[in-house]
Protein chains: 2
Amino acid sequence: MTSARARTGRPRSAEADRAILDATRAALVELGWGKLTMGDVAARAGVAKTTLYRRWAGKNELVVDAVAALFDEHLDLPDLGSLAADIEGVVLRFAALLERPETKTALMAVVAESTRDEALRVRIRRAIVDRQKRLVLLGRERAQARGELPLEEDATAAARNADLIFDVIAGAVVHRALVSGQSVDEEWARGFTALLVGGLSGV
Amino acid sequence: MTSARARTGRPRSAEADRAILDATRAALVELGWGKLTMGDVAARAGVAKTTLYRRWAGKNELVVDAVAALFDEHLDLPDLGSLAADIEGVVLRFAALLERPETKTALMAVVAESTRDEALRVRIRRAIVDRQKRLVLLGRERAQARGELPLEEDATAAARNADLIFDVIAGAVVHRALVSGQSVDEEWARGFTALLVGGLSGV
DNA sequence: CCAGTTACGCTACGACTCGTAGCGAAAGAG
DNA sequence: CTCTTTCGCTACGAGTCGTAGCGTAACTGG
């Protein structure tokens with residue numbers, strides 16, 4: 001499967017791939033999603049425009065891959081000892097990524113495009129969303145191991161619940177950072193964690 | 001102030017305004033944000049392209065106004081008798097708007113653009129976000145009047161807390177509907193409400 | 001009724017971006 | 001050394017952008 005395609009002929013330059021993705025991120029920082037053009041990225045990367053189109057169908061796919069690389073590098077979560085500390089940790093990780101200018105301008109834009117492009121939506125899910133989700137699931141497992149959260153017996157209910165928690169955490173951070181346009185600092189993370197753990201009625 | 005500008009000369013056609021905004025929403029449904037063009041909207045509305053540019057600076061501002069009209073019409077919240085019921089109500093209102101094809105494709109796109117355009121961000125806030133926020137504040141006041149939530153003494157802390165709750169509710173709905181791409185139905189609304197009210201540790 | 005003022009529809013325009021095609025050269029596999 | 005694929009380059013038609021210029025339409029104050 002891995003060697004089935006392109007066993008012969010000139011191989012694609014891995015260096016070009018790196019240069020293109022780097023150039024894409026740089027262009028996102030300087031120009032933002034709206035003014036980023038394929039021709040500009042090609043020029044920055046020092047490759048021909050046709051080379052871009054041989055590897056990516058268009059701007060959407062290219063930008064998803066360029067941003068996904070950031071999520072790959074910067075998303076991990078050490079065990080901070082308690083459920084609350086882990087939630088604060090994951091919130092601050094998300095926020096650190098969302099407040100970069102590259103991701104800030106690109107993420108919402110590709111998600112917007114994905115509402116009319118199912119293939120793009122799947123690509124985003126695999127490249128970005130699922131990576132975030134794993135952190136939430138990890139924190140959940142740790143909390144269950146500590147006895148802070150009950151073990152769930154029904155698998156489908158557990159999955160539904162995990163989806164819910166993920167949407168709440170990721171959604172709140174995204175909304176705070178991108179829609180409300182305010183910074184996700186430690187103070188906000190503490191307040192959010194207290195709300196999530198204790199609820200509105202909790203003290 | 002209101003009569004200070006354009007007291008003389010031919011007045012702008014209010015009918016043209018309506019036709020343009022209707023055409024914009026129709027174009028969003030058919031084409032989506034990405035393929036919507038000013039020329040196409042003008043043709044649909046039966047006006048000249050120059051007329052659009054006399055009233056809106058560009059695609060971003062036009063679409064914000066077109067979508068804002070929907071939020072104006074469909075955002076109110078009857079008193080449902082309890083905090084939990086009110087939260088479910090507001091969640092389902094948000095969801096009903098977000099699941100329309102016009103708003104689905106437009107909202108994230110203009111928010112993405114607004115990360116590089118402060119004036120646009122303010123316009124979105126005033127036209128859309130603040131209208132949503134009022135519903136959350138309203139539900140909060142009702143809950144306090146019922147005694148379900150404590151009255152807060154410190155005004156700045158209360159405002160900060162209201163911002164937090166709003167980001168959590170709106171963020172969760174947006175994330176569920178647009179990023180996870182799953183429907184916000186009554187079952188999800190119930191689960192979300194239970195989590196928000198009781199917290200992770202609450203039963 | 002008449003000038004003054006503003007909005008309108010229409011046309012045309014240069015600048016830009018898109019995505020593709022065609023070419024000869026380069027880089028590997030067998 | 002041949003076959004295959006990628007590469008950089010150039011060129012292209014199509015489409016969009018935002019603006020300018022023009023004559024006409026609509027409304028106001030004298």
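To find a chain, count down the sequence lines: A is the first, B the second, and so on, and within it residues start at 1. The model shown is predicted, which means the values in this text are computed figures rather than measured ones.
Taking only side-chain atoms of T50(A), from C-beta outward, the nucleotide of dT20(C), dG19(C), dG18(D) with the closest atom is dT20(C). Distance from the side chain of V47(A) is smallest for dG8(D) among the nucleotides dG8(D), dC17(D), dG19(C). Which of dT6(D), dT17(C), dC10(C) sits closest to the side chain of T37(A) comes down to dT17(C). If you check dG18(D), dG19(C), dG21(D) against the side chain of K49(B), the one that comes closest is dG18(D).
Note on residues 82-101 of chain B: pairs passing side-chain hydrogen bond (donor to acceptor under 3.5 Å, both in side chains), not counting sequence neighbours, are D76(B)-R93(B), D86(B)-R146(B), R100(B)-E102(B).
Looking at T105(B), its side chain never comes within 3.5 Å of a backbone N or O of P101(B) through a donor-acceptor pair.
Between dA7(C) and S13(B), no contact under 4.0 Å exists linking OP1 or OP2 to a side-chain N or O.
A straight line from CG of L62(A) to P of dT17(C) spans 16 Å, rounded to a whole angstrom. dC18(C) atom P lies 14 Å from atom NZ of K35(A), rounded to whole Å. With rounding to whole Å, L52(A) atom CG is found 14 Å from dT17(C) atom P. Per the geometry, OH belonging to Y53(A) stands 11 Å off P belonging to dT17(C), to the nearest Å.
Residues R140(A) and L83(A) form no side-chain contact, since every pair of their non-hydrogen atoms from C-beta on lies 4.5 Å or further apart.
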Please list every donor-acceptor pair under 3.5 Å in which a side-chain atom of residues 187-196 of chain B meets a protein atom from a residue at least two apart or in another chain.
| from | atom 1 | to | atom 2 | distance (Å) |
| --- | --- | --- | --- | --- |
| E187(B) | OE2 | R160(A) | NH1 | 2.7 |
| T193(B) | OG1 | A189(B) | O | 2.7 |

Could you run through nucleotides 24-30 of chain D and give me one letter per nucleotide, 5' to 3': B if any protein heavy atom sits under 4.0 Å from the base, S if only the sugar-phosphate is that close, - if neither?
-BBBS--

